[in-house]
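Here's the structure, in structure tokens; my notes come after.
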Amino acid sequence: MVSKDQAIGGAILLVCVVVAVVYLVALFGYQQLIQPWLNIGSAADVRFWLIAVPVFVAFIAILFIGAWIGWTMATTPPPKPIEEITSEIEDKKEEPTMESEPVKEDAPDAEEKSAAKKKK
């Protein structure tokens, strides 16, 4: 059995192939295959719209992406200057680090360790 993602991928593949075949048939076979059943207009008019609509959609998509990039650049605050970042890093290196906790000198005897192991 296929997973949900594989089924969705297969459906997307099938839809894209069908749309591509229908597009090519409409673009190159309109007069022979489609016009006898469905007379929308002349072949030149249909071909014009079959090319103009995808070009228009692609053009608008490119403009939308450009506008999104411009909006992101306009609303994002500028980064800190590199000099400020390097000075912060140097300041952190100079700060004294906290020493680790001192080791307790009163370590438990071997008998206490063996008793603790027996309890487990």
Side-chain angles (χ1 to χ4, degrees):
M1 186 168 177
V2 296
S3 71
K4 183 179 177 182
D5 293 339
Q6 289 174 326
I8 292 171
I12 291 171
L13 172 67
L14 183 65
V15 167
C16 288
V17 168
V18 168
V19 168
V21 168
V22 169
Y23 180 79
L24 290 173
V25 167
L27 187 61
F28 297 114
Y30 174 75
Q31 285 179 327
Q32 297 85 11
L33 301 173
I34 298 174
Q35 196 170 22
W37 291 306
L38 182 65
N39 190 5
I40 299 172
S42 69
D45 290 340
V46 171
R47 285 188 181 133
F48 170 78
W49 287 110
L50 283 172
I51 293 172
V53 170
V55 168
F56 174 74
V57 170
F59 180 70
I60 295 299
I62 290 169
L63 288 178
F64 178 78
I65 292 169
W68 177 65
I69 290 170
W71 172 261
T72 303
M73 291 176 69
T75 58
T76 303
K80 292 181 180 180
I82 192 71
E83 294 84 16
E84 187 177 328
I85 294 172
T86 54
S87 66
E88 285 178 5
I89 293 172
E90 289 172 358
D91 291 344
K92 286 182 182 178
K93 287 181 181 178
E94 291 175 2
E95 289 178 4
T97 58
M98 294 187 64
E99 295 180 19
S100 60
E101 293 182 22
V103 179
K104 294 182 180 179
E105 294 181 17
D106 298 333
D109 296 332
E111 293 174 359
E112 291 176 5
K113 287 182 181 178
S114 63
K117 287 182 183 178
K118 288 180 183 177
K119 288 181 183 178
K120 290 181 184 178

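The figures here come from the full heavy-atom set of this structure, side chains too, leaving out hydrogens, waters and symmetry mates. Small disclaimer: the values here were computed from a predicted structure and weren't measured.
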Could you pull out all residues at least two apart from Val25 that satisfy side chain to side chain contact (heavy atoms under 4.5 Å, CB included)?
Val21, Leu33, Ile34

With sequence neighbours excluded, what pairs up with Ser42 under the side chain to side chain donor-acceptor pair (under 3.5 Å) test?
Asp45

What residues join Ile8 in its hydrophobic cluster, counting side-chain heavy atom gaps under 4.5 Å, either direct or through other members?
Ile12

Provide the full list of salt bridge (charged side-chain N to carboxylate O under 4.0 Å, His left out) pairs with a residue in residues 51-75, sequence neighbours left out, each pair given once.
none

My understanding is that only residues two or more places apart in sequence, or in another chain, count here; which of them pass side chain to side chain contact (heavy atoms under 4.5 Å, CB included) with Gln6?
Val2, Ser3

Would you tabulate the side-chain donor-acceptor contacts of residues 67-79 under 3.5 Å, counting partners in other chains and residues two or more places apart, or write 'none'?
residue	atom	partner	partner atom	Å
Thr72	OG1	Trp68	O	2.8
Thr75	OG1	Trp71	O	2.8
Thr76	OG1	Thr72	O	2.5

Phe56 CZ: over 12 foreign heavy atoms closer than 6.0 Å:
no

Sorted by chain and number, sequence neighbours left out, salt bridge (Lys or Arg N to Asp or Glu O under 4.0 Å) with Lys80 holds for Glu88

For Ala52, what residues pass the side chain to side chain contact (heavy atoms under 4.5 Å, CB included) criterion, not counting sequence neighbours?
Phe48, Trp49

Please collect all salt bridge (charged side-chain N to carboxylate O under 4.0 Å, His left out) contacts where either partner lies in residues 2-25, sequence neighbours excluded, each pair once.
none

Please list, chain by chain and in numerical order, all residues satisfying side chain to side chain contact (heavy atoms under 4.5 Å, CB included) with Ile89, sequence neighbours excluded.
Ile85, Lys93

Scan residues 58-75 for pairs that pass salt bridge (charged side-chain N to carboxylate O under 4.0 Å, His left out), counting only residues two or more places apart or in two chains.
none

